[in-house]
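Have a look at the structure below before the remarks.
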Amino acid sequence: TPIEDSFYLNFDSIEGTDDVDLYLSQFGYLSPSLRNPTSGNLIDANTWERAIMEFQSFAGLNATGDLDEETMELMQTPRCGVKDKVG
Amino acid sequence: FGSDTRSKRYALQGSRWKVKALTYRISKYPKRLNRKEVDDEIAKAFNVWSEYTDLTFTAKKQNPVHIDIRFEESEHGDGDPFDGPGGTLAHAYFPVYGGDAHFDDAEYWTIKSTRGTNLFQVAAHEFGHSLGLSHSDVRSALMAPFYRGYDSNFRLDSDDIQGIQALYGRKTS
């Protein structure tokens, strides 16, 4: 069954989300297995929101799932390079 | 995770050293700091953990050692390149992966200064990983992943103490 494009986030169309995608992947909030190979490795919007929420929760922010200013700011804070979520 | 019922706590990666007398070597020093000062800060950073456990850390000039420490820039051979000033400051490997600690030498490492990035605090955090601690979601913990600036009155958080003692037990003397 074809998958509706609108169900997936196209990171190319949202400014700054490439970096956020990289950040969430680098620190263990998004794993390659969550990407859908049949739709250009895009990520389900719910998966993306859940990953943001997990990061916010871990960091002590309000877990809204929104990529708000506070969340973006924390993502730019210098930090340790080890993953937060160790599998 | 720790076994208490709080929602926020330390996390254990799952491996630890079998011995408590550990050795380390700084095999590559930073460009901008005096070697003796670096030796002292690294020793202080290890002492953070030996204060609450029976772990001991002895500096050596030759291999073999348990924990190898290097200041490197960009790609440095482990497939996890550093990203220049800001961003990621350092990384370290859990005991099962060797325990080595790497620091990004593109950072402006400083000692007892509010400027730059405090070497002692970052080193103490990284050595927590070298000993088997993962990141904590307790904001005040040393093992929280974010650099919080120089703290002239640095003390380990009770969360860090509980974490390290879960791995190596309490100090007996």
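Heavy-atom basis, side chains included; hydrogens, waters and symmetry copies ignored. Letters A, B, ... mirror the listed sequences (proteins, then strands); counts begin at 1.
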Side chain, backbone, both or neither: which part of Gln76(A) has a non-hydrogen atom closer than 4.5 Å to chain B?
neither
Check whether any side-chain N or O of Asp104(B) sits under 3.5 Å from a backbone N or O of Ser74(B) as a donor-acceptor pair, and report yes or no.
no
Among pairs that include at least one residue of residues 72-101 of chain B, which meet salt bridge (charged side-chain N to carboxylate O under 4.0 Å, His left out), considering only residues two or more places apart or in two chains?
Lys28(B)-Glu72(B), Lys31(B)-Glu73(B), Arg70(B)-Glu72(B)
Whatever's closer than 4.5 Å to a heavy atom in chain A on Phe94(B) counts as side chain
I'd like to know if Met53(A) and Tyr29(A) are part of one continuous hydrophobic network [Ile/Leu/Val/Met/Phe/Trp/Tyr, side-chain heavy atoms within less than 4.5 Å].
no
Pick one of side chain, backbone, both or neither for Ala144(B), based on which atoms fall under 4.5 Å of a heavy atom in chain A.
neither
Check for a donor-acceptor pair, side chain of Asp160(B) on one end and backbone N or O of Ala141(B) on the other, with a separation under 3.5 Å.
no
By number, which residues in residues 35-68 of chain B have some heavy atom less than 4.5 Å away from chain A?
none
Is there a path of hydrophobic side-chain contacts, each under 4.5 Å between heavy atoms, that joins Trp109(B) and Ile69(B)?
yes
I'd like to know which of Ala59(A), Gly81(A), Cys80(A) tops the heavy-atom pair count under 4.5 Å against chain B.
Cys80(A)
What are the two closest heavy atoms between Thr64(A) and Glu49(A), and how far apart are they?
O-OE2, 4.5 Å
To the nearest 0.5 Å, atom CZ of Arg79(A) lies from atom CZ of Phe27(A) at 4.0 Å
Do the ring planes of Tyr93(B) and His102(B) sit parallel (below 30°), tilted (30 to 60°) or perpendicular (above 60°)?
perpendicular
Would the distance check show the side chain of Ser57(A) and the main-chain N or O of Glu54(A) forming a donor-acceptor pair, the cut-off being under 3.5 Å?
no
Inter- and intrachain pairs under side-chain hydrogen bond (donor to acceptor under 3.5 Å, both in side chains), touching residues 141-150 of chain B, at least two apart
none
Residues 115-133 of chain B vs chain A, non-hydrogen distance cutoff under 4.5 Å, contacting residues -> His125(B), Glu126(B), His129(B)
Considering residues, nucleotides and ligands other than Tyr97(B), do more than 12 of their heavy atoms fall under 6.0 Å from its OH?
no
